[in-house]
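Some notes on the structure that comes next.
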Amino acid sequence: MKGSVAAAQPSMPKPSVDPAGDRDLVERARRGDLGAYDELVRRYQERIYATVYHMTSNHEDASDLAQETFIKAYQALRSFKGESGFFTWLYRIAVNRTLNFLKQRGGRTLLSLNDLDSNAEHDPELVGLISDKNPRRDAALAELQEKLNAALQKLSESHRLVVTLHDIQGLSHEEIGRILDCNPGTVRSRLFYARQQLQAYLADYVK
Amino acid sequence: MQLHDDLPDGFETVRKLLRVKQHEIPPPGFYRDFPSRVIARIDAEGLHPGRSWWQRFVDDLALRPATAAAYGFCMASLLFLGARMVESSPSPWEGIASVDYYRWSAAVPAETVAAGPRLQPATFEFVAGEANASSVAPLWNRPTSRFHTTMGLENLHRASYSVPYR
């Protein structure tokens, strides 16, 4: 999967969270309307898949876990009380399943990385960091991708999770706190230590 | 300790490096096919949340004929045992029921009835005391119950009977 550069695709689109629309779809899905649930899957598949993928650094595992998340969520729809948003509830399921999976895997990591989209080569922030490392931009990016994923896998699961949700997915500390059932201060603290460790692991790139 | 988003230089670089992760995308068509894969699995495994336990039970039986047969056998056995228990438990009408006579009569084979002269009707012998009690279970065994008194049957006595064959 690595090596080739895929067609341009917007990176990490942030689907608008529409609680009212979600509630209606959830209600219909509860009554057995699979079309409504299909719509919910379409709304959140990218975020859920990406979260699991960044946690595992393995496409196949992420695909399986994302599927299981949506299936588990469908089975548990009756227990969804609506106290939190559907999005938060779904994230909780994904995070719990992923953490259980990683626990079972017991620290063994098999990277199966996705391709980078063509926008990566033109991302000014990235270009500035890699230009002097390797004259071939795509090769330099591939190398960085591999090192970054390896560094992320060295973090503890709780630290990797906050980096994934905040720095990659763009969720706020409060949203992460709701998902992980902890206060935003804990999220900030974990994020600080995670970044500190990443800084050390990626010392070649951090001046 | 820096705990907020105004990142020091090192952290700012880490944040920029992490942008690589945002450019990682799954194989083409993955998101197009993903919802239908999820829905197909839900459909195939019959995981509908709105179904009652009874609907799930019936669907399970439809998918597993052997289980359905086992459930059927169990239910039939329970019905049979229930019927046997009802039959063997004492009836509240037992003390006054004279239908026993008809039951015995009904048990006489048709050819015996057709034989005519050889058939003798059941004889009923009303006895006054315990001394004459027959080995056959008495028809009236609670002659002084409240029911008998209410119904004006307090003078009924124990009876014995026999059903002669041929």
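Below, chains carry the letters A, B, ... as their sequence lines are ordered, and counting in each starts from 1. Everything numeric here is computed off the predicted structure, so don't read it as measured data.
- With a 4.5 Å cut-off on non-hydrogen atoms, Ala66(A) touches chain B through its backbone and its side chain both.
- Aromatic rings from Phe30(B) and Phe34(B) are positioned such that their centres are separated by under 6.0 Å.
- Contacts of Leu152(A) with chain B are made by side-chain atoms alone, with heavy-atom separations under 4.5 Å and no backbone atom involved.
- Pairs engaging residues 147-158 of chain A under the salt bridge (Lys or Arg N to Asp or Glu O under 4.0 Å) rule: Glu143(A)-Lys147(A), Lys147(A)-Asp204(A) [sequence neighbours left out].
- Here Leu111(A) pairs with Ser57(A), Thr109(A), Leu113(A), Asn149(A), Gln153(A) under the side-chain contact (heavy atoms from CB on, under 4.5 Å) rule; sequence neighbours left out.
- Between Tyr49(A) and His54(A), the ring centre distance reaches or exceeds 6.0 Å.
- Between chain B and the options Leu148(A), Leu198(A), Asp33(A), the largest number of non-hydrogen pairs under 4.5 Å is found for Leu148(A).
- Heavy-atom distances place the side chain of Asp123(A), and not its backbone, under 4.5 Å from chain B.
- With a threshold of 4.5 angstrom between heavy atoms, Glu39(A) does not approach chain B through any atom at all.
- Side-chain N or O atoms of Thr88(A) include none that pairs as donor or acceptor with a backbone N or O of Ser84(A) at under 3.5 Å.
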